[in-house]
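Some notes on the structure that comes next.
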Amino acid sequence: MRENGPVTSATRQPETPAAALPTRLIATDLDGTLLRDDKSVSERTVAALAAAEEAGIEVFFVTGRPARWMDVVSDHVHGHGLAICGNGAAVVDLHGGPGAHRFVKVRELARENALDAVRLLREAAPGTVFAVEQTYGFYQEPAYPKLHMEIPDNLAPAERLLAPDAPGAGEPVLKILAFHHELDPDAFLTVARRAVGDRATITRSSPSALLEISGPGVSKASTLELCCAERGISPEEVVAFGDMPNDVEMLTWAGTSYAMGNAHPAVIAAASGRTVANNEDGVAVVIEKILAERL
């Protein structure tokens, strides 16, 4: 279970919201939600996802992960093969397999906005360090911790990484990451949102004081809404799952939504229902129930 402070204990059966329209699309977060804590997808969950697609229900993975971290579920995409990555900053076609993902839609963070966010956060929370996530590159400041188990493409101050002549300057910025060694994660989020205002969208999905900063209006919810509109799918036909603050808008937007048994308190408050924890296959439990009710 993630270290998110107090959470309520998991129940054995999901608390089920009243269904209005038949489910046409399932939108699920990955870490702490669909994936178990060891980052695996259980056999039960694999079977449930396949059964949903076979029943004509589209499944969208909606995650804060970058496209290069989607190998964990690339083998489990069906039909359209699309995933929403970077908290809504990109829609990615996973059919190409590891290393061959294709960007279908990019909602970038303007460098001017990113620089504003860096400046304002340095003032509001001294000691903040930054990294820059682009479509293909990852760059960070020297003091940014090794959180992501990867070697950055370049080390430099954020102002330099976001400059017009920076390495990768021709590549869209999907989000910037801000880390603080001392602040409480939720307190850091509150401070950052107050300081940056409408220049960017700020959320978090880590148990540490790590913030994810995207373009104004860019979220899991807003990009999912765009994808659903292209398919003629209404919010009432969507069932969504999540566990952390970056899922709140999506769970609020979807007609039916479930907080995992291990969810952050803000997620529990936002969701219309509750399922068991990720390690107990909470997403699969609900999908199986949805499919059983169709018989």
Side-chain angles (χ1 to χ4, degrees), residues 2-3 30-32 39 63-72 85-90 92 98-99 101 103 106-189 191-193 195-196 199-216 218-220 244-246:
R2 293 187 175 190
E3 298 172 359
L30 294 182
D31 296 281
K39 307 305 178 184
T63 178
R65 286 181 172 229
R68 65 182 179 278
W69 288 7
M70 295 301 289
D71 296 352
V72 67
C85 297
N87 290 327
V92 182
H101 302 144
F103 286 88
V106 172
R107 306 179 69 194
E108 68 182 288
L109 170 63
R111 287 172 184 261
E112 179 181 355
N113 291 59
L115 285 167
D116 281 346
V118 169
R119 173 178 57 82
L120 292 166
L121 267 176
R122 289 205 197 280
E123 295 172 357
T128 301
V129 290
F130 297 91
V132 178
E133 184 77 65
Q134 298 184 216
T135 43
Y136 294 101
F138 178 76
Y139 310 87
Q140 69 177 62
E141 295 188 321
Y144 187 87
K146 295 180 179 180
L147 298 173
H148 310 290
M149 303 299 290
E150 61 186 328
I151 300 173
D153 296 300
N154 196 19
L155 291 172
E159 291 82 356
R160 174 60 190 150
L161 297 174
L162 294 165
D165 60 345
E171 189 182 329
V173 174
L174 298 184
K175 63 181 179 180
I176 57 175
L177 302 166
F179 180 84
H180 203 285
H181 288 276
E182 298 176 359
L183 291 178
D184 170 81
D186 286 326
F188 189 28
L189 178 59
V191 167
R193 284 175 169 171
V196 176
R199 294 173 179 83
T201 299
I202 306 179
T203 190
R204 77 176 191 89
S205 61
S206 169
S208 63
L210 175 65
L211 305 183
E212 301 163 67
I213 304 173
S214 305
V218 175
S219 68
K220 289 185 176 186
M244 286 295 280
N246 64 331

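These numbers were taken from a predicted model, which means no experiment stands behind them.
Side-chain contact between L30 and M70: present, with at least one pair of heavy atoms (C-beta onward) separated by less than 4.5 Å. Considering only heavy atoms from C-beta on, T203 stays 4.5 Å or farther from S219 through its side chain. Side-chain contact between F138 and L177 is present, with at least one heavy-atom pair separated by less than 4.5 Å. When side chains are defined from C-beta on, R160 does not count as touching N154, because their heavy atoms never get closer than 4.5 Å. Contact annotation: the side chain of V218 never approaches that of L109 to less than 4.5 Å [non-hydrogen atoms, C-beta and beyond]. Proximity of L121 to F188: side-chain heavy atoms (C-beta onward) are separated by under 4.5 Å at one or more points. Side-chain contact between T201 and E212: absent, with no pair of heavy atoms (C-beta onward) separated by less than 4.5 Å.
Shown here for R65 and C85, the closest heavy-atom pair between the two residues is O-CB, 3.2 Å. When all heavy atoms of G64 and K220 are compared, the closest pair comes out as N-CE, 3.9 Å. Minimum interatomic distance between A169 and A163 (heavy atoms only, all atoms of both residues): CB-O, 4.2 Å.
In this structure, CZ in F179 is found 13.0 Å from CD in E141, a value given to the nearest 0.5 Å. Within the model, atoms CG of L155 and OH of Y144 stand 12.5 Å from one another, a figure rounded to the nearest 0.5 Å. Residue D116 holds its CG atom at 10.5 Å from CG of L162, rounded to the nearest 0.5 Å. Between L161 atom CG and E159 atom CD the span is 8.5 Å, to the nearest 0.5 Å. Rounding to the nearest 0.5 angstrom, the gap separating the CD atom in E133 from the OG1 atom in T135 is 9.0 Å.
Formation of a donor-acceptor pair under 3.5 Å by the R204 side chain with backbone atoms of P245 is not found in this model. Formation of a donor-acceptor pair under 3.5 Å by the Q134 side chain with backbone atoms of E171 is found in this model. Checked by atom type and distance alone, the side chain of H101 never pairs as donor or acceptor with a backbone atom of V92 at under 3.5 Å. Under the 3.5 Å distance criterion, the side-chain polar atoms of H180 are matched with a main-chain donor or acceptor of P126.
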Review point. Would R199 and L120 satisfy side chain to side chain contact (heavy atoms under 4.5 Å, CB included), going step by step from the backbone distance to the final call?
Key: CA-CA 10 Å; R199 294 173 179 83; L120 292 166; 3.6 Å; yes

Full working for side chain to side chain contact (heavy atoms under 4.5 Å, CB included) between L174 and V106 | CA-CA 8 Å; L174 298 184; V106 172; 3.7 Å; yes

Side chain to side chain contact (heavy atoms under 4.5 Å, CB included) between K175 and S214, worked out | CA-CA 5 Å; K175 63 181 179 180; S214 305; 4.0 Å; yes

Check the pair V196 / I213 against side chain to side chain contact (heavy atoms under 4.5 Å, CB included), numbers first and verdict last. CA-CA 10 Å; V196 176; I213 304 173; 5.5 Å; no

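Applying the ring-ring contact (aromatic ring centres under 6.0 Å, His included) test to pairs two or more places apart or on separate chains, those with a residue in residues 107-137 are F103-Y136.
The local environment of CD in E112 is sparse, with at most 12 non-hydrogen atoms from other residues, nucleotides or ligands closer than 6.0 Å.
Among L211, I202, N87, the one residue that satisfies the side chain to side chain contact (heavy atoms under 4.5 Å, CB included) test with N246 is N87.
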